[in-house]
Amino acid sequence: MQADVVIDTKGMACPMPIVKAKKALDNLETGQVMEVLSTDKGSVNDFQAWVKQTNHELIKHEEDNGVFKFYVKKK
């Protein structure tokens, strides 16, 4: 999946992945996609809750060797 911007939050603990993601998403246009990389296991639940609160779309998330990848589309 092609993302317009990639945010690397590997090694950061909650709430930093969400804080960094929010800041990056504020700079995107509607319809653009952000990829967030995280190693925080709690980020799976955090991102699902965050996109519900903000009405953005979590297109998909996956895990690859302990790195969680989240694809969020700005609404």
Side-chain angles (χ1 to χ4, degrees):
M1 176 168 290
Q2 184 63 39
D4 295 291
V5 65
V6 177
I7 308 303
D8 186 350
T9 66
K10 294 188 296 264
M12 295 182 186
C14 180
M16 287 313 293
I18 294 290
V19 171
K20 295 265 188 192
K22 180 190 180 313
K23 196 171 192 175
L25 203 61
D26 287 345
N27 294 320
L28 292 181
E29 302 286 324
T30 300
Q32 286 188 305
V33 176
M34 167 182 67
E35 177 184 355
V36 181
L37 307 174
S38 176
T39 51
D40 180 10
K41 287 186 168 103
S43 63
V44 175
N45 289 333
D46 293 345
F47 271 91
Q48 289 171 341
W50 177 65
V51 293
K52 280 183 185 164
Q53 289 175 342
T54 58
N55 292 321
H56 298 300
E57 181 184 351
L58 181 59
I59 299 170
K60 76 174 190 172
H61 77 278
E62 59 193 17
E63 185 201 345
D64 183 23
N65 288 330
V67 177
F68 300 94
K69 298 178 183 179
F70 302 95
Y71 296 90
V72 180
K73 184 176 187 179
K74 183 169 181 172
K75 294 271 183 168

**Q** Calculate, to the nearest 0.5 Å, the distance between atoms OG1 and NZ belonging to T54 and K74 respectively.
**A** 10.0 Å
**Q** Do V44 and F47 share a hydrophobic cluster (ILVMFWY, side-chain heavy atoms under 4.5 Å, transitive)?
**A** yes
**Q** Applying side chain to side chain contact (heavy atoms under 4.5 Å, CB included) between E35 and each of V6, V5, D8, V72, report the one that passes.
**A** V6
**Q** Side chain to side chain contact (heavy atoms under 4.5 Å, CB included) between M34 and F70: does it pass, once the steps are laid out?
**A** CA-CA 8 Å; M34 167 182 67; F70 302 95; over 6 Å; no
**Q** Would you say S38's side chain and K10's backbone share a donor-acceptor pair under 3.5 angstrom?
**A** no
**Q** Could you report the tightest heavy-atom contact between D40 and C14, atom names first, then the distance?
**A** OD2-N, 3.1 Å
**Q** Can you tell me how far the CG atom of L25 sits from the CD1 atom of I7, to the nearest 0.5 Å?
**A** 9.0 Å
**Q** Do the side chain of D4 and the main chain of V33 share a donor and acceptor less than 3.5 angstrom apart?
**A** yes
**Q** Quick one: do K69 and D64 satisfy side chain to side chain contact (heavy atoms under 4.5 Å, CB included)? Show the steps, please.
**A** CA-CA 8 Å; K69 298 178 183 179; D64 183 23; 4.1 Å; yes
**Q** CD of E62: more than 12 outside heavy atoms within 6.0 angstrom?
**A** yes
**Q** Kindly compute the distance separating NZ (K60) from CE (M1), expressed to the nearest 0.5 Å.
**A** 5.0 Å
**Q** Flag yes if L58 and V36 sit in one hydrophobic cluster, no otherwise; membership is Ile, Leu, Val, Met, Phe, Trp, Tyr, and two members link when side-chain heavy atoms are under 4.5 Å apart.
**A** yes
**Q** Relative to each other, are the rings of H56 and W50 parallel, tilted or perpendicular (30° and 60° limits)?
**A** tilted
**Q** Taking L28 as the starting point, is it possible to reach V51 by hopping between hydrophobic residues whose side chains are less than 4.5 Å apart?
**A** yes
